[in-house]
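A quick write-up on the structure given underneath.
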Amino acid sequence: MISFNRIRSAILSAEHARDHLLGVPLTDARKKSIRQSEIFAPLLEDIRVESARARQEPIPALLFSKFHLFVKQGTRAEYQKAYYERRGRLLALTLEAWLFPEEAALETLEDLIWTICEEHSWALPAHLPWSYEKLVESRVPMAQMVDLFAAETAHALAETLYLLEDRLNPWVVHRVKEELERRVFGPVFSSAYTFRWEWRTSNWASVCAGAVGMAALLMVDDRERLAGMIGRLSGAMACFLEGFGADGCCLEGISYWDYGFGYYVYFAEMLRAYTGGELDLLQGEKITAIARFPAAVALTTPQSVNFSDCVEQPFLSTGLHSRLYDRIRAPLPVITRAARFHENATYRFPQMVRNLLWTDPTHFHRPNTIGTYVFSDAGWVVDKRMLGGTMLAFAAKGGHNNEPHNHNDLGHFLLHAGGETLLVDLGQGAYTRDYFGEKRYEHVHTSSEGHSVPVINGCVQGTGEAYQGIVKETEIREQTLVVKLDLTEAYPEAAGLSSFCRTFQWASDLASEEAELKLTDAFVFRASNNQLAETFISLTEPLIEKGCVIWEGQQGKVEMYYEADLLAAKHEVLRNDANPVRTRIIHRVRLHADQVPDRAEFLFRFRCTAKPS
């Protein structure tokens, strides 16, 4: 990262144009082009509808009874619904007032800003002490706890003041500046105490540092003080980058790439604009590798490879990808349209504003990247082929079972046929206290029982960095990919393993427009008479025949052939773990074998095809 001496020098000598701090000039012509753009018409209509609702309905209350539910029963959604709605209204009212200044009345927005300034804490209950005893022991008062959302709130308010300049009542502006000092700038910069995010290697580091840093760049006039602030935050950004290997793989998944790396880029571009290009954090081979990640894991739009706590169909930020392409020629995932207002339920300010300012529609509808992508540091492999005009894809992962937003999923794999993922990763479960506590791996989303990996002698995979899946070989030929994983250390001692090797052989046939995966599991046990349950996870109901399991979707089809004389098939239907956003039916196929000898090998052959259009 950049030295403090250079940071200080660049900030003190900067002759920045204040209207360029969001990466483009904020001219009337720019606003007019946004208002007249066809790609933004649905979004602008959403903004108007949400703003009208905000003027008609009272500000939702943040009640203690809802706040306390996280401590009382471990649920988050009840309080967060009202919290996020306030942030959504702030975003809508601000954007309406900025884009349509001649029409906007500011009283509703000013009342909302005042109310947000009166909140007891800008942090979410899940990020505050989890008991009254821990609250009393905490070195940081709740009102000064800077978590992801306190930092985001600080930036949202600062950017609201920046966009609307002198149009807001000076009392409201003064109140915001007071609260930024009391709640964020003071706790972060005027204390020797460090928040955990300052040294984490996950999205927390970049989101908190990026949001607080942008708020400081927008609001702090004292340049010596600002230099010290940016210098301290640069350490957190360095920690964030340490969470990536040289391969650029985001272990937290593509959703958290968009979140964490997004805030890194938003901050980097504001700092670059402030210093007239003197400080540029979008340089270096690792940054380029990280920026390439979304295109590598993008499947048929809007699907992506979604290992870890990641949704299968993330809506990626169009402004972010346009900027990365324009700045460092990062490959683009397929972009087909601009985001709608409610597609991000937390209403992140920089994401929506930069979508409006940075999105380049000439980048829409570019072809998907195909080929083989090997993330050697992370232990991920992704292979994508276009056959018959549709995508057939395979992805598998090794690594270890203590990764950020970890799932116990070593040796797990996905199959994407005809533009549809049929053997899936369940992705993100419902975020509750238990989901991030001691009971995390009792959830189907995170346990190895919710992934396409075996249960061995009644044992699921273990939790912790000691439990590893080591990629022993990756061989790429013209139409064939071979990946060998050593999964011996993925299971506890009680599994009785001397060795367990899983081999994937993925091949495509241009003539037949089909792809085939041969999966071989080779076991060496310490004793005879072992039990095995090979597991395969889908959201598509399977058809089970003797020696064959068929998953047939709307667009694609996967047929799995197995050794019926060795394995007995069973279909289990599960519901996801009470996700309040969407309830899904999970289909788990288990192929059981009893009395497995001390050496055994099982072959599974998957035929992947696209259905005729």
Side-chain angles (χ1 to χ4, degrees), residues 34 40-63 66-67 76-100 103-119 121-127 147-164 168 172 176 179 207 211 214-215 255 258-259 262-263 266 311 314-320 338-357 431 580-582:
I34 292 171
F40 292 133
L43 170 59
L44 297 183
E45 179 60 25
D46 291 344
I47 290 170
R48 285 185 174 279
V49 169
E50 187 63 21
S51 296
R53 189 170 72 88
R55 285 189 288 271
Q56 294 164 4
E57 299 178 3
I59 298 171
L62 295 180
L63 301 175
K66 297 290 194 297
F67 176 94
R76 301 170 54 159
E78 300 88 348
Y79 181 83
Q80 290 177 184
K81 180 180 178 182
Y83 180 100
Y84 292 151
E85 186 171 337
R86 287 185 174 195
R87 272 62 182 172
R89 292 186 181 194
L90 175 66
L91 179 59
L93 290 164
T94 300
L95 289 176
E96 182 188 55
W98 178 64
L99 289 169
F100 305 97
E103 302 174 23
L106 299 179
E107 290 83 358
T108 301
L109 175 58
E110 290 169 339
D111 283 343
L112 178 62
I113 292 172
W114 196 266
T115 302
I116 290 174
C117 287
E118 290 179 339
E119 291 175 1
S121 176
W122 286 347
L124 293 183
H127 302 153
D147 74 333
L148 296 167
F149 294 92
E152 288 184 39
T153 299
H155 168 255
L157 291 172
E159 199 152 293
T160 294
L161 268 54
Y162 173 78
L163 288 172
L164 302 183
L168 292 169
V172 174
V176 169
E179 294 302 326
V207 173
M214 286 188 287
S255 301
D258 193 78
Y259 187 32
Y263 267 88
Y266 303 141
V311 296
F315 197 92
L316 303 179
S317 304
T318 55
L320 173 62
R340 299 291 295 267
F341 186 79
H342 296 291
E343 282 183 294
N344 186 312
T346 62
Y347 304 103
R348 293 174 188 136
F349 222 89
Q351 182 185 59
M352 186 63 69
V353 174
R354 276 64 171 180
N355 281 349
L356 287 167
L357 294 175
Y431 281 13
V581 178
R582 55 177 178 163

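All residue numbers in this chain count up from 1 along the given sequence.
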Exercise. For the residue pair Y259 and Y263, does the interplanar ring angle fall in the parallel (under 30°), tilted (30 to 60°) or perpendicular (over 60°) class?
Worked result: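 Ring orientation of Y259 relative to Y263: perpendicular.
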For this session: Can you label the angle between the H127 ring and the F149 ring as parallel, tilted or perpendicular, going by 30° and 60°?
Result: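 It falls in the parallel class, under 30°.
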For this session: Take M352 and N344, measure what side-chain contact (heavy atoms from CB on, under 4.5 Å) needs, and give me the verdict at the end.
Result: CA-CA 9 Å; M352 186 63 69; N344 186 312; 6.0 Å; no
State, to 0.1 Å, how close [X] and [Y] come at their nearest heavy-atom pair, and which atoms those are.
X: A211; Y: A151; result: CB-O, 3.3 Å
X: W122; Y: I116; result: NE1-O, 2.8 Å
X: L93; Y: A54; result: CD1-CB, 4.0 Å
X: L320; Y: N355; result: N-OD1, 4.4 Å
X: L43; Y: F341; result: CD1-N, 3.6 Å
X: L112; Y: I59; result: CA-CD1, 3.8 Å

How long is the straight-line distance from [atom2] of [Y] back to [atom1] of [X], given to the nearest 0.5 Å?
X: F40; Y: L99; atom1: CZ; atom2: CG; value: 10.0 Å
X: E57; Y: T108; atom1: CD; atom2: OG1; value: 12.0 Å
X: L157; Y: C117; atom1: CG; atom2: SG; value: 5.5 Å
X: E119; Y: L62; atom1: CD; atom2: CG; value: 5.0 Å
X: S51; Y: L91; atom1: OG; atom2: CG; value: 9.0 Å
X: I34; Y: L44; atom1: CD1; atom2: CG; value: 8.0 Å

Exercise. Salt bridge check: are E50 and R53 linked by an N-O gap of less than 4.0 Å?
Worked result: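 Counted as a salt bridge, because a side-chain N and a carboxylate O are separated by less than 4.0 Å.
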All salt bridge (charged side-chain N to carboxylate O under 4.0 Å, His left out) counterparts of [X], not counting sequence neighbours:
X: E179; value: R175, R182, R183
X: R348; value: none
X: E96; value: R55
X: D147; value: none

Exercise. Does a side-chain heavy-atom distance below 4.5 Å link L106 with V172?
Worked result: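 A side-chain contact under 4.5 Å is absent here.
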Exercise. Are side-chain heavy atoms of H342 and Y347 found at a separation under 4.5 Å?
Worked result: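 Side-chain contact under 4.5 Å: yes.
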Exercise. Under the side-chain contact (heavy atoms from CB on, under 4.5 Å) criterion, do T160 and L168 qualify, and how do the steps go?
Worked result: CA-CA 9 Å; T160 294; L168 292 169; 4.3 Å; yes
For this session: Start with the C-alpha distance between Y266 and H155, add both sets of side-chain angles, then the distance that settles side-chain contact (heavy atoms from CB on, under 4.5 Å), and finish with yes or no.
Result: CA-CA 11 Å; Y266 303 141; H155 168 255; over 6 Å; no
Exercise. Does P60 have any side chain to side chain contact (heavy atoms under 4.5 Å, CB included) partners at least two apart in sequence or in another chain, and if so, which?
Worked result: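 In terms of side chain to side chain contact (heavy atoms under 4.5 Å, CB included), with neighbours along the sequence ignored, P60 is linked to A82, E85, R86, R89.
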Problem set entry | For A156, all residues meeting side chain to side chain contact (heavy atoms under 4.5 Å, CB included), sequence neighbours excluded |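 For A156, the residues satisfying side chain to side chain contact (heavy atoms under 4.5 Å, CB included) (neighbours in sequence not counted) are L90, F349.
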For this session: For the pair T94 and V353, evaluate side-chain contact (heavy atoms from CB on, under 4.5 Å) and give the outcome as yes or no after the intermediate values.
Result: CA-CA 10 Å; T94 300; V353 174; over 6 Å; no
Exercise. What do the steps show when you test E110 against W114 for side chain to side chain donor-acceptor pair (under 3.5 Å), and what is the final call?
Worked result: CA-CA 6 Å; E110 290 169 339; W114 196 266; over 6 Å; no
Exercise. Just checking, R87 and Y83: is the charged tip under 6.0 Å from the six-membered ring centre and within 45° of the axis?
Worked result: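 Verdict for Y83: a cation-pi partner in R87.
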